[in-house]
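Here's the structure we're looking at; comments come further down.
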Amino acid sequence: MGRKWHAVAVLTITYIVATTAIGATDKGLSIAGTVAAAPDEASSLQKLASLDGTIHQHVWPPLNAGWRTVLGSFVGFFGAALGSIGGLGGGGIFVPMLTLIVGFDTKSATAMSKCMITGAAVSTVYYNLKLKHPTLNMPMIDYDLALLIQPMLMMGVSIGVICNVIFPDWLVTVLFIVLSLVTSTKAFLKGVETWKKEALIIREAAAKKSNQSGDRIEYTPSTGSDAIAETRLPSDEAVSIWKNIYWKEFGLLIFVWAAILTLQVSMNYVETCSTLYWVFSLLQIPVSAGVSIYQAVGLVQGKRVISSRANTQTSLKSHLVLICFFGVTAGVLGGLLGLGGGAIMGPLFLELGIPPQVSSATATFAMMFSSSIAVIEYYLLNRFPIPYALFFTCVAFIAAIIGQLVARKLINWLGRASFIIFVLSFMIFIGVIPLGGVGILNMKHKMVRHEYMGFQDICKSDA
């Protein structure tokens with residue numbers, strides 16, 4: 001227990017130092033900008049800090065081969081590659097990159113971020129559709145787990161969009177910082193635990209090799225159980241996609257996606273807070289909750305099973321409500337900040353005993369549905385420039401594929417899958433620095449100007 005608190009303290013101190021550095025940088029930029037700055041040359045950090053909704057005009061820089069586009073592509077490429085490995089959307093990297101480097105306004109950057117998240121998720125899912133579970137005879141994507149959490153994730157996104165309008169910025173910032181620090185710490189500690197288990201597996205494999213010198217020892221990723229699994233070759237070979245998909249579960253996920261998309265799009269064409277607006281909003285609850293409850297009942301009755309878990313099915317029953325709750329929480333976070341939700345789902349799946357590869361693949365699979373809905377909505381609302389969106393989506397698409405290929409090579413070379421968990425923890429923590437830092441700066445500016453920092457009325461908002 002003491003080590004956990006030490007880890008939290010170290011991460012907190014590092015975060016404070018990083019946000020202080022961002023604050024110092026922003027102060028220098030703002031002072032320099034007051035001398036003779038044109039409206040379109042204002043500090044990018046100040047534009048990102050304008051989270052209070054006072055600036056509504058879109059800032060869409062021209063698409064060219066300038067240093068901003070090149071640097072943004074470089075950062076976005078590595079963000080998408082690492083995000084695909086860890087099972088994160090990458091919004092914590094994309095939004096600051098698009099705002100601070102490329103020059104988009106915050107709302108446009110959020111919409112563009114969803115495009116990049118969708119591009120990376122689609123390529124990652126396509127790659128994983130052909131792979132088998134590292135130790136079991138089942139797909140890499142756990143469709144039963146996805147069917148349980150994806151509807152709640154999508155319902156959470158809808159709630160998060162509304163909360164984004166209602167909640168004051170300081171509350172959003174505080175919730176984001178606390179949640180990110182907790183999840184990144186838990187993921188890091190889980191990575192250390194998995195690393196130790198893998199070391200034990202490797203030592204026992206070496207012992208077997210010494211007793212049976214003629215046998216070849218292969219690596220088996222840790223499944224999360226205390227027992228040491230029998231070593232076997234990871235299932236790197238691709239199989240037929242048509243035979244590797246659970247079509248019933250996949251069909252239900254498509255149904256939820258189509259129903260939520262229809263309701264969300266319909267809300268854009270009715271007056272905010274009208275009767276139809278609330279009808280469309282509330283109808284999302286029975287659609288999402290109904291499918292998740294259907295799946296949960298099947299799991300409790302034993303008709304279905306989350307096979308990728310290492311623990312017993314009995315222990316899962318007490319976690320069903322927790323899984324659904326965190327699914328909604330992940331969606332709310334995505335709706336609030338333009339993130340993918342993997343910062344919640346990844347650590348949650350790992351705590352349930354899901355292997356790192358399966359956790360990453362399943363979280364990305366669920367995010368693909370929720371992020372694609374946001375992209376369609378943003379497109380209908382003209383929230384992003386299509387040429388820029390296509391360019392950065394292609395960058396994220398290619399980067400995610402490369403990230404997956406590199407991850408599989410590293411797993412076989414290192415003999416460990418725990419590095420996926422460390423990538424997850426790193427990406428969550430790195431994402432909180434720019435977004436959390438800018439949120440703190442925004443709160444500071446509002447307090448200095450004595451601006452209103454309370455809850456907003458959604459019926460009076462034009463967001």
Side-chain angles (χ1 to χ4, degrees), residues 84 87 118 121-155 221 223-224 232 234-261 287-313 316-317 319-320 323-324 326-327 330-331 340-342 345-346 348-350 352-373 400 404 408:
S84 71
T118 302
V122 168
S123 63
T124 302
V125 168
Y126 176 74
Y127 180 86
N128 288 323
L129 283 177
K130 300 178 289 183
L131 298 180
K132 303 289 288 185
H133 189 284
T135 57
L136 303 174
N137 186 25
M138 61 175 290
M140 178 71 76
I141 298 172
D142 192 324
Y143 290 93
D144 286 298
L145 179 59
L147 185 59
L148 178 64
I149 201 169
Q150 182 255 16
M152 308 308 292
L153 174 70
M154 299 184 70
M155 183 173 69
T223 59
R232 53 167 290 186
S235 300
D236 281 336
E237 69 277 3
V239 298
S240 171
I241 291 180
W242 301 104
K243 297 179 181 179
N244 205 39
I245 295 178
Y246 291 179
W247 289 104
K248 179 181 178 181
E249 288 78 4
F250 190 78
L252 284 172
L253 293 173
I254 293 293
F255 164 75
V256 174
W257 180 86
I260 297 295
L261 175 61
V287 171
S288 301
V291 174
S292 287
I293 291 174
Y294 164 78
Q295 177 69 357
V297 170
L299 291 170
V300 171
Q301 295 178 349
K303 296 179 181 179
R304 283 173 292 278
V305 59
I306 298 179
S307 303
S308 61
R309 294 184 72 247
N311 301 326
T312 62
Q313 185 66 18
L316 174 65
K317 297 178 181 179
H319 290 103
L320 288 177
I323 294 174
C324 293
F326 278 105
M345 289 189 292
L348 173 63
F349 291 167
L350 293 172
L352 293 174
I354 307 297
Q357 304 100 307
V358 181
S359 171
S360 174
T362 306
T364 304
F365 181 67
M367 285 189 294
M368 179 184 68
F369 291 96
S370 60
S371 60
S372 60
I373 282 186
Q404 288 296 307
R408 300 297 295 180

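By the side-chain contact (heavy atoms from CB on, under 4.5 Å) test, Ala361 is found to be paired with Asn128, Met140, Ile141, residues two or more places apart in sequence or in another chain being considered. Remark: Ser288 pairs with no residue by the side chain to side chain donor-acceptor pair (under 3.5 Å) rule, at least two apart or across chains. Residues forming a side-chain contact (heavy atoms from CB on, under 4.5 Å) with Ala296 (at least two apart in sequence, or on another chain): Leu148, Leu320. Judged as a side chain to side chain donor-acceptor pair (under 3.5 Å), and not counting sequence neighbours, the contacts of Gln295 are Asp144, Arg304.
Taking each heavy atom of Pro151 and Ser292 in turn, the nearest pair found is CB-OG, 3.4 Å. What you find for Ser372 and Thr118 is that their closest heavy atoms are N-OG1, 3.5 Å. Of all heavy-atom pairs spanning Ala146 and Phe365, the tightest one is CB-CD2, 3.7 Å.
With a 4.5 Å cut-off on side-chain heavy atoms, His133 and Pro355 count as touching. Side chains of Ile260 and Phe369 form no contact here, defined as non-hydrogen atoms less than 4.5 Å apart.
Note that CD of Gln357 and NZ of Lys132 are 14.5 Å apart. Values are rounded to the nearest 0.5 Å. Taken to the nearest 0.5 Å, the CH2 atom of Trp257 stands 9.5 Å off from the CE atom of Met368. The CE atom of Met345 sits 5.0 Å away from the CG atom of Leu153 when rounded to the nearest 0.5 Å.
Side-chain atoms of Ser370 come within 3.5 Å of backbone N or O of Met367 as a donor-acceptor pair. Proximity of a side-chain donor or acceptor of Thr124 to a complementary backbone N or O of Ser84 within less than 3.5 Å is not detected. Checked by atom type and distance alone, the side chain of Asn244 pairs as donor or acceptor with a backbone atom of Leu131 at under 3.5 Å. Side chain of Ser360 to main chain of Pro356: no donor-acceptor pair is present (N/O by atom type, distance under 3.5 Å, no hydrogens or angles).
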Sequence neighbours left out, cut at 3.5 Å: what donor-acceptor pairs do the side chains of residues 246-256 make with other protein atoms?
| residue | atom | partner | partner atom | Å |
| --- | --- | --- | --- | --- |
| Trp247 | NE1 | Trp242 | O | 3.0 |
| Lys248 | NZ | Tyr294 | OH | 3.3 |

